[in-house]
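Okay, so here's the structure we're looking at.
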There are 2 protein chains.
Amino acid sequence: MVTLSDVAKEANVSKMTVSRVINHPEQVTEELRGLVQQAMETLDYHPNSVAQALVNNRSNVVKFITLEDIDTTEPYYMNLLFGFAQGLTKKQYALQLVTDPKQIGQGRADGYLITGARNEDYEWFDKLKKPFVLFGENHRGYDFVDTDNQSGERIATEYALSRLYKRIIFVGIDVKEPFEYSREAGYINTLQKHQMIPQIYRVGNHSHEAQKLIKDNFKELKKDTCFICASDRIAVGVIRQLQKEGARIPDDFGVIGFDGVFLDQVSNPKLTTVKQSIFKMGDLLANMLLQKIAQSGSPQGEIMIEPTLVRRETTR
Amino acid sequence: MVTLSDVAKEANVSKMTVSRVINHPEQVTEELRGLVQQAMETLDYHPNSVAQALVNNRSNVVKFITLEDIDTTEPYYMNLLFGFAQGLTKKQYALQLVTDPKQIGQGRADGYLITGARNEDYEWFDKLKKPFVLFGENHRGYDFVDTDNQSGERIATEYALSRLYKRIIFVGIDVKEPFEYSREAGYINTLQKHQMIPQIYRVGNHSHEAQKLIKDNFKELKKDTCFICASDRIAVGVIRQLQKEGARIPDDFGVIGFDGVFLDQVSNPKLTTVKQSIFKMGDLLANMLLQKIAQSGSPQGEIMIEPTLVRRETTR
DNA sequence: TTGTAGGCGTTATCAA
DNA sequence: TTGATAACGCCTACAA
């Protein structure tokens, strides 16, 4: 294993000079800096992150905390996780996965990414002793990255209108969480802009609940209706029941989902959906968290990522 | 932060005695051991794994390597990953996620878990410089954990027969990999035991390919047939086309999947399937890998986990 | 059986 | 601007 000392010898300088070239290059004269960099290259030197961690009193580990049940959770988090992991690896960080909140304080970690937080969780956030960032919009001042939910449903609704569906119904998720409010707001604002009256249903985020909703209300539905759904799961349920009722998709009924992870591709017909850039958000979250750690916990703000509409077979 | 020294002072012994109580307790007299353990408790001491890693020339990090494309991959790996992570955390290990084989040698890691390996991958395994274990059966002597694929399809086939389906057709995955051979063998052996003639189709592991298969062959299908499918994806495709053809499930046609992750639950009707204990296998893989690391790479053998049949709505 | 000295690879501090 | 020294927390080797 090549160490600082090896590089120092090779370049005929002290270990400290090498260390400075790595951490504070501006403190070293250009000449020596060149020599050292040359030496690092020829020896193929890479700093030992464990030793760095020790002196800096770090662990080079962060925790990825999932407060939602992963069994019922979509492949969603898989993408987030891989994006997050990519962001961490750039900085030689590794991660631990946590599903049990009790485990958060155990072991060593420099910070946390918290996902799937609900209103009731926020209470204990302030007791956390390490920096953390959230995946999911909130309005309590915690740093976060999320999709621009409002914009996403605005785009979906505008698209439905542009395809000349006469009625636009929103099928939301039955939770009182910021992301849901934002999605509904995107829908409502767009309809109002077009002087139309919003019509909103809400169900639990399961395909069979959405399916039941359609079943119970199918008689009252008219042709030329498009359903804006707050998740692909819901959209899949809507589609399934529409098909059972013999309705024609996309000619008489349109369906637009939200998420664009996995489910949208296995559904049949393939789902038009608002696709979140989940992998990218994971990467951004890693950057945000590592930066926050480096800045000993200073606020990082909020990042909202624009989703994209993917047009497939459930809209005409 | 409580360190070895703090404990040593508290117990009125040297640091080394404390260290020994942790790593080689048998070398310490019972009396001192008691004192030290007492001191560790009252101070709530936990060894600093970073310092341990430094002296042992370890990183306390392992890599989770996914050779399959995660976009097309099922939630499958999510469960494996969480099980694996749980096993690691017990030993204060963290993980890095790797999808690009080129990244394997980069950075620091003590070992690898390799998943999704295909025949063509085995070439470069021997060049790996760190211990590794595989998820997925192989017959080249590499340590692995996997479901007992043969047993799984044996159970599925026996069950189909017990439900009095007269014809049992196997729809496999069109790859020449050990897991597929094992699944087919489970089916073939069971049929032969009952003096029946195997009938095997193979398609790519996508629902629409399975769907097409049924579409192309539906005319020749007779009632009282059960499909043993090598994956839930395939099963979902089979079901979809059977429904389109107006066939009655499960009365005239039975369908049994394989995997039992996510897809089986969102399908409609709910899928009878051979469920793998993926989370558990992840945990076992972590133990196996950490043990292998601790034993500087010595062979760990093979572990096959028995899957369980989950009876739901696609068999009568 | 227990303790002392030294070192793992890096960085902060202070002196030159 | 550069270098010597000590320290981070732990463990191996050796001595007592």
Side-chain angles (χ1 to χ4, degrees), chain A residues 1-40 43-61 91-94 107-110 293-294 296, chain B residues 1-40 43-61 91-94 107-110 293-294 296:
Chain A
M1 169 182 272
V2 183
T3 72
L4 257 195
S5 302
D6 299 326
V7 178
K9 275 177 206 152
E10 172 81 13
N12 272 313
V13 296
S14 73
K15 293 197 295 180
M16 271 319 298
T17 303
V18 181
S19 174
R20 274 193 274 259
V21 169
I22 296 166
N23 301 295
H24 313 283
E26 74 285 357
Q27 297 179 5
V28 181
T29 53
E30 214 177 301
E31 190 190 347
L32 281 192
R33 207 189 312 152
L35 280 176
V36 170
Q37 278 161 345
Q38 178 64 44
M40 295 200 295
L43 296 179
D44 190 30
Y45 167 76
H46 296 277
N48 182 327
S49 50
V50 177
Q52 289 177 320
L54 180 62
V55 291
N56 295 324
N57 193 25
R58 292 266 164 74
S59 64
N60 282 11
V61 169
K91 297 271 167 59
Q92 293 286 357
Y93 259 74
R108 247 158 262 277
D110 300 337
I293 291 169
S296 41
Chain B
M1 168 183 275
V2 184
T3 72
L4 258 195
S5 303
D6 299 326
V7 178
K9 276 178 206 150
E10 173 82 12
N12 271 316
V13 296
S14 74
K15 293 198 294 180
M16 270 319 299
T17 303
V18 181
S19 174
R20 274 193 273 260
V21 170
I22 296 167
N23 300 296
H24 313 283
E26 74 285 356
Q27 297 179 6
V28 181
T29 54
E30 212 176 303
E31 188 191 347
L32 279 191
R33 207 189 313 152
L35 279 176
V36 170
Q37 278 162 346
Q38 178 63 46
M40 294 199 296
L43 295 179
D44 190 31
Y45 168 75
H46 296 277
N48 182 326
S49 50
V50 176
Q52 289 177 319
L54 181 62
V55 293
N56 295 322
N57 194 25
R58 292 264 165 74
S59 63
N60 280 11
V61 169
K91 296 271 167 58
Q92 291 287 357
Y93 259 74
R108 248 159 262 276
D110 300 337
I293 291 169
S296 42

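So that the names make sense, note that chain A is the first sequence line, chain B the second, and so on, each numbered from 1.
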Seminar exercise, completed: Between A/S59 and B/V50, the two heavy atoms sitting closest are CA-CG2, 3.8 Å

For this session: Quick one: label B/V28 by what it contacts on the DNA or RNA (base, sugar-phosphate, nothing), any heavy atom closer than 4.0 Å.
Result: sugar-phosphate

Problem set entry | Side chains of A/T17 and A/V28 in contact at under 4.5 Å (non-hydrogen atoms) | yes

Distances for protein N/O vs nucleotides 10-16 of chain C N/O pairs under 3.5 angstrom?
| residue | atom | partner | partner atom | Å |
| --- | --- | --- | --- | --- |
| C/dT10 | OP1 | A/Y45 | OH | 2.5 |
| C/dT10 | OP1 | A/N48 | N | 2.9 |
| C/dT10 | OP2 | A/L4 | N | 2.4 |
| C/dT10 | O4 | A/K15 | NZ | 3.3 |
| C/dT11 | OP1 | A/N23 | OD1 | 3.4 |
| C/dT11 | OP1 | A/N23 | ND2 | 2.8 |
| C/dT11 | OP1 | A/Q52 | NE2 | 3.1 |
| C/dT11 | OP2 | A/S19 | OG | 2.7 |
| C/dT11 | OP2 | A/N23 | ND2 | 3.3 |

For this session: Provide the closest heavy-atom pair for A/S19 versus A/L4 in the form atom of the first, atom of the second, distance.
Result: N-CD2, 4.0 Å

Seminar exercise, completed: Of all heavy-atom pairs linking A/L35 and A/A11, the shortest is O-CB, 4.1 Å

Exercise. How close do B/Y45 and B/T3 get, heavy atom to heavy atom, and via which atoms?
Worked result: CE1-C, 3.5 Å

Exercise. Which atom names give the shortest non-hydrogen contact between B/P25 and B/R33, and what distance separates them?
Worked result: O-NE, 3.3 Å

Problem set entry | Sub-4.5 Å side-chain heavy-atom contact between B/L32 and B/V13 | yes

Exercise. So do the side chains of B/V7 and B/V21 get within less than 4.5 Å of each other, counting heavy atoms only?
Worked result: no

For this session: Could you tell me which non-hydrogen atom of B/R108 sits nearest to which non-hydrogen atom of A/P47, and how far apart they are?
Result: NH2-O, 2.8 Å

For this session: Respond yes when some side-chain nitrogen or oxygen of B/T17 is under 4.0 Å from OP1 or OP2 of C/dG3, and no when none is.
Result: yes

Exercise. Hey, what bend do you get for the helix from C/dT1-D/dA16 to C/dA16-D/dT1 if you fit axes on five pairs at each end, rounded to 10°?
Worked result: 40°

Problem set entry | Opening and closing nucleotides of DNA chain D in contact with chain A, under 4.0 Å to non-hydrogen atoms | D/dT1 to D/dG9

For this session: Working to the nearest 0.5 Å, report the span between CG of A/N48 and CG of A/L54.
Result: 10.0 Å

Problem set entry | First encountered from the 5' end of DNA chain C, between B/N57 and B/E26 | B/E26

